[in-house]
Number of protein chains: 2
Amino acid sequence: MIALHKILIVDDEINIRKVVREYAEFEGYEVEEAEDGMQAVEMVRERDYDLVILDIMMPRLDGFSCCKEIKKYKDIPVIMLSARGEEYDKLFGFEIGIDDYVVKPFSPKELMARVKVVIRRKSSEQKMEEKYEFEGLTIDVLGRVVYVNGEKISMTPKEYDLLFYLVKNRNLALSRDKLLEDVWGYDFFGDDRTVDTHIKMLRNSLGEYRKFIVTLRGMGYKFEAD
Amino acid sequence: MIALHKILIVDDEINIRKVVREYAEFEGYEVEEAEDGMQAVEMVRERDYDLVILDIMMPRLDGFSCCKEIKKYKDIPVIMLSARGEEYDKLFGFEIGIDDYVVKPFSPKELMARVKVVIRRKSSEQKMEEKYEFEGLTIDVLGRVVYVNGEKISMTPKEYDLLFYLVKNRNLALSRDKLLEDVWGYDFFGDDRTVDTHIKMLRNSLGEYRKFIVTLRGMGYKFEAD
DNA sequence: TGCTGTTTTCACAAAATATACACAAATATA
DNA sequence: TATATTTGTGTATATTTTGTGAAAACAGCA
């Protein structure tokens, strides 16, 4: 049972992508490519990656903005590639959550070493302290408990699974089909509206924090919070 | 009983030290500073710290050497700070016992998150508790005995193992599979529900303190106590 | 070997949860 | 405004999961 890690390499230079892909595949990673930030954002929306390698200087959407965009709704580690000479002033205002940096020209070996470390760190970190907080709503993933204003509330398994999924994909529009597929499983052949019923129950459980669950008419639902 | 953790921040740049101190103190840590590796080594010799944050590039004694020196006689976790361009394959290729590293420029928030994780990891590693107490329930690990309101109760070996495991992992959601794997062993190929039966027996043994064992529907069980 | 305490399986009752459905409410469309 | 579409919600029913007692399998041991 080997969990193959998926990496997305984003760079407008095809040669860089090629080299990274080569080495990463050699190391046993699954690799996909994007040519610019926009494309990367779209790809990340649709599929789960374990790591994104982002060039800073790119057409359409630069690396920083892309990173910020990605981090809005997915918690994926990001390694930045910067050309030597490119300067980043904000030493401490740097709140966009980059996990590591590599300066071009880089040795692929070094990049791979960092990839390995970052992925490992992320996965161990997630286990250590997976906790989500939105105002007075806390979700303790390890304990599988949800608190509303500090008070533990009870939830059915489906409610919890649904909430967790919504939160993991917060600020993303999620269709009923997508929810059914990912929360219920691909082998669920029931009614679309089952989702609605569970959303209803979840909202009741969340009390005042039902506000985070937004209905997207004609589409589905969304957990909306920063 | 709050054990204040002591942190030593070692960096030649005063601004870095200042920022780290600020955030760390805000988080409730006690902070001391050193300007270079030599000074750090001396301070660590004289006083016990719970964590050392080490810059790599420093005058007199660099971060690597300093870390090696520290680890010679104290088992203190170390987080490394490295500047963007610095090569640090060595850091991971060679085993000098670094617990984590953060790349400059870093967000103080991120650094604090790592500090927290590393300290907790270390302390949970070291502390092999020999006695657990939850209200009137006492588990004497060395004697392998359990007391309910001061009275020794008898338990089968499996019951004890299960209880011990639950307690060690208290407040964590534990699936039946996980329990089977860790308490019964990876080579157990029996029924899932065996767990349920043992939980039942354990609950009976614990009497009023069965309340600590919580059923997580659709998931498993959890020992819930602070 | 036969005894004894332990572990595991199993079956069924009890409880909790998931689903479908009907109708109300809200929103969009003509 | 009337009508169609979509979502919210209460309720009844179906399904799943867990608790539990008892029997069977197993293990250690005199």
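Order of the sequence lines fixes the chain letters, A, B, ..., with proteins taken first and strands second; residue numbering starts at 1 for each chain. Values reported hereafter were calculated over all heavy atoms of this structure, with side chains retained and with hydrogens, waters and symmetry mates removed.
- A donor-acceptor pair shorter than 3.5 Å can be found between the side chains of A:Asn149 and A:Glu208.
- Residue contacts shown for B:Phe189 are absent, as no nucleic acid heavy atom lies under 4.0 Å away.
- Atom-to-atom, CG of A:Leu179 to C1' of C:dA18 comes out at 16 Å; the value is rounded to the nearest Å.
- Atoms CG (B:Leu202) and C1' (C:dT6) sit 15 Å apart, rounded to a whole Å.
- Across all strands, B:Leu180 comes closer than 4.0 Å to no nucleic acid atom at all (heavy-atom distances).
- Nearest heavy-atom pair, B:Ile213 versus B:Tyr221, reported as atom, atom and distance to 0.1 Å: CG2-CD2, 4.4 Å.
- When the nearest nucleotides of DNA chain C are assigned to B:Met155 and B:Thr194 by heavy-atom distance, the more 5′-ward of the two goes with B:Met155.
- Put simply, the side chain of A:Lys222 never gets that close to the backbone of A:Leu174: no donor and acceptor are under 3.5 Å apart.
- Counting non-hydrogen atoms of other residues, nucleotides and ligands closer than 6.0 Å to NZ of B:Lys158 gives a total above 12.
- Judged by distance alone with a 3.5 Å cut-off, a donor-acceptor contact links the side chain of A:Arg217 to the base of D:dT6.
- Counting non-hydrogen atoms of neighbouring residues, nucleotides and ligands closer than 6.0 angstrom, the OH atom of A:Tyr23 reaches no more than 12 such neighbours.
- Within 4.0 Å of B:Leu162, counting heavy atoms only, lies no atom of the nucleic acid at all.
- Straight-line distance from the NZ atom of B:Lys158 to the P atom of C:dG5: 19 Å, rounded to whole Å.
- In the model, A:Tyr147 has no side-chain atom that pairs as donor or acceptor with a side-chain atom of A:Asp140 under 3.5 Å.
- Ring centers of B:Phe223 and B:Tyr165: at least 6.0 Å apart, outside the cut-off.
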N/O-N/O pairs, protein side and nucleotides 8-14 of chain D side, under 3.5 Å:
unit_1, atom_1, unit_2, atom_2, d
D:dG8, OP1, A:Arg203, NH1, 2.9
D:dG8, OP1, A:Thr215, OG1, 2.6
D:dG8, OP2, A:Tyr221, OH, 2.6
D:dG8, N7, A:Arg193, NH2, 2.7
D:dG8, O6, A:Arg193, NH2, 3.4
D:dG10, N7, A:Lys200, NZ, 2.8

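- Between the side chain of B:Arg170 and the backbone N or O of B:Ala225 there is no donor-acceptor pair closer than 3.5 Å.
- One interatomic measurement links the two molecules: CG of A:Asp177 to P of D:dT6, which rounds to 14 Å at whole-angstrom precision.
- Atom P of nucleotide C:dT8 and atom CG of B:Asp187 are separated by 11 Å, given to the nearest angstrom.
- If you measure from atom NE2 of A:His198 to atom P of D:dT16, you get 13 Å, rounded to the nearest angstrom.
- When only modelled atom types and interatomic distance are considered, B:Tyr29 and B:Asp50 share no side-chain donor-acceptor pair under 3.5 Å.
- The side chain of A:Trp184 contributes no N or O atom lying less than 4.0 Å from OP1 or OP2 of C:dA18.
- To the nearest 0.5 angstrom, A:Arg203 atom CZ is 12.5 Å from A:Glu159 atom CD.
- For C:dA30, the paired nucleotide is D:dT1, the pair qualifying as Watson-Crick or G-U wobble because both relevant distances are below 3.5 Å.
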Name the pairs: protein N/O against N/O of nucleotides 24-29 of chain D, kept only if under 3.5 Å.
none

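- At whole-Å resolution of the value, CG in B:Asp192 and P in C:dT8 are 13 Å apart.
- With C:dA18, C:dT7, C:dA20 as the choices, the nucleotide that has an atom nearest any side-chain atom of A:Thr156 turns out to be C:dA18.
- Nucleotide C:dA18 holds its C1' atom 7 Å from the CE atom of A:Met201, rounded to whole Å.
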